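Just so it is clear, the structure is predicted and the values come from calculations on it, not from any experiment. Here is the naming used below: chain letters follow the sequence lines, and residue numbers restart at 1 for every chain.
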Number of protein chains: 2
Amino acid sequence: MKSTGLLVDCGAPPTGDSHTDCHKVIMPVRDALDVISGKWKLPIIIAVSRGHNRFRDIERSIPKITSKVLSKELKDLETHKLIRRTVYDTQPVQVEYTLTPYASTLESVIVALQQWGLQHRKKILGK
Amino acid sequence: MKSTGLLVDCGAPPTGDSHTDCHKVIMPVRDALDVISGKWKLPIIIAVSRGHNRFRDIERSIPKITSKVLSKELKDLETHKLIRRTVYDTQPVQVEYTLTPYASTLESVIVALQQWGLQHRKKILGK
DNA sequence: TAAAGCACTTACCTTTTGGAAACTGGTTAC
DNA sequence: GTAACCAGTTTCCAAAAGGTAAGTGCTTTA
């Protein structure tokens with residue numbers, strides 16, 4: 001048995017049944033991936049962080065996104081407390097989307113993914 | 001996620017506009033997500049890292065995975081240079097899957113996702 | 001000689017995800 | 001008064017991901 005030392009050692013012996021221990025890695029990782037994976041979540045987060053705060057403004061700033069998908073993704077991001085939706089009682093009503101302070105906790109995750117992804121592209125497409 | 005063979009094709013051309021730097025974040029992140037997202041990649045990596053090196057051994061160690069999916073995922077992981085497939089010229093042939101040293105570069109990414117996912121679950125499920 | 005193990009592959013479904021286009025019900029600008 | 005803008009929703013479709021079950025060609029075990 002060769003180990004590259006990858007990953008948290010879940011504690012169980014390598015020959016034992018360790019899938020329950022591994023769940024301690026897999027479950028949180030999948031929770032995190034759920035939040036940021038998909039085609040549009042990151043583009044939306046970035047668009048909003050740059051000051052595109054109105055629905056149509058976000059839609060225009062992200063090429064090829066449709067209003068249906070944008071609507072759904074904004075709801076997802078809202079339930080994950082990454083985006084706040086504020087309705088102003090004006091005529092007509094104005095809706096503003098902003099990043100929550102909590103959204104900034106994602107930064108280290110995104111940076112880790114970005115850096116690994118960058119070197120991986122070089123590795124796979126031959127340097 | 002749309003892929004062009006190995007890596008993600010992010011659609012829009014990198015012109016000189018303000019979206020260029022967005023793509024510098026989004027593209028690498030999507031490349032990275034492509035490698036580790038999906039239902040089975042992480043469980044497989046963990047199983048192999050813990051000494052499950054034969055096809056049937058890996059299959060048995062991951063509850064509910066099917067041979068079709070395992071076969072496909074192992075191929076993906078191999079083209080991403082995370083897993084090495086070694087065929088021994090025995091009777092009958094033996095096939096061994098091991099993690100490459102490169103696979104250990106994923107560790108910081110996985111740890112970042114795991115930690116964020118852990119606190120996120122607490123945040124979302126109240127507490 | 002039959003059953004079982006190994007390393008897969010194949011054909012066929014179902015579920016999930018994302019896309020196109022039209023449409024709603026309001027408001028405002030020309 | 002009609003055209004356009006806003007913030008979406010609805011219906012229908014296509015592609016991708018994943019699941020089920022059976023089969024392949026080999027070898028070893030009983």
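Whole-Å rounding puts the A:L42 CG to C:dG18 P distance at 13 Å. With rounding to whole Å, B:F55 atom CZ is found 16 Å from D:dC26 atom C1'. Between the CG atom of A:L70 and the P atom of C:dG18 there is a distance of 13 Å, given to the nearest Å. Rounded to a whole Å, the CG atom of B:N53 is 11 Å from the P atom of C:dA7. If you take CG of A:L33 and C1' of D:dA17, they are 15 Å apart, rounded to a whole angstrom. Counting to the nearest Å, the C1' atom of C:dT17 and the CD atom of A:E73 are 9 Å from each other. If you measure from atom CD1 of A:I62 to atom P of C:dG19, you get 12 Å, rounded to the nearest angstrom. The CG atom of B:D57 sits 9 Å away from the P atom of C:dA7 (whole-angstrom rounding).
At a threshold of 4.0 Å, the pair B:K72-B:D76 counts as salt-bridged, since one of the basic side-chain nitrogens sits closer than that to a carboxylate oxygen. The pair B:E59-B:R56 meets the salt-bridge criterion, with a side-chain N (NZ, NE, NH1 or NH2) lying under 4.0 Å from an Asp/Glu carboxylate O.
Here the side chain of A:K75 is nearest to one of D:dT9, C:dA7, C:dT28, namely D:dT9. For A:P92, the side-chain atoms get nearest to C:dT27 when compared with the rest of C:dC8, C:dT27, D:dG8. The A:S71 side chain lies nearest to D:dT9 when the options are D:dT9, D:dG19, C:dG18.
When heavy atoms are screened at a 4.0 angstrom cut-off, B:Q91 is found touching the sugar-phosphate backbone but no base atom.
Regarding contacts with the backbone of C:dG19, a side-chain N or O of A:K39 is found under 4.0 angstrom from either OP1 or OP2. In this model, the phosphate group of C:dA20 is not approached by any side-chain N or O of A:T66 to a distance below 4.0 Å at OP1 or OP2. In this model, the phosphate group of D:dT10 is not approached by any side-chain N or O of A:K72 to a distance below 4.0 Å at OP1 or OP2. Note on B:S67: every side-chain N or O is 4.0 Å or more away from OP1 and OP2 of C:dC8. Note on B:Y97: a side-chain N or O is less than 4.0 Å away from OP1 or OP2 of C:dC8. Contact annotation: B:R60 side-chain N/O to C:dC6 OP1/OP2 distance is under 4.0 Å. The side chain of B:R54 contributes no N or O atom lying less than 4.0 Å from OP1 or OP2 of C:dC6. One finds no side-chain N or O of A:W40 lying less than 4.0 angstrom from the OP1 or OP2 phosphate oxygen of C:dT17.
Between the side chains of B:W116 and A:S108, not a single donor N or O lies within less than 3.5 Å of an accepting N or O. In this structure, a donor-acceptor pair under 3.5 Å is absent between the side chains of B:D31 and A:H120.
If you check distances only, the side chain of A:K68 does reach the base of C:dG19 with a donor-acceptor pair under 3.5 Å.
Note on B:V25 and B:L33: same hydrophobic cluster, where clusters join Ile, Leu, Val, Met, Phe, Trp and Tyr whose side-chain heavy atoms are under 4.5 Å apart, directly or indirectly.
Taking 4.5 Å as the limit, every side-chain heavy atom of B:T86 sits out of range of all side-chain heavy atoms of B:V95.
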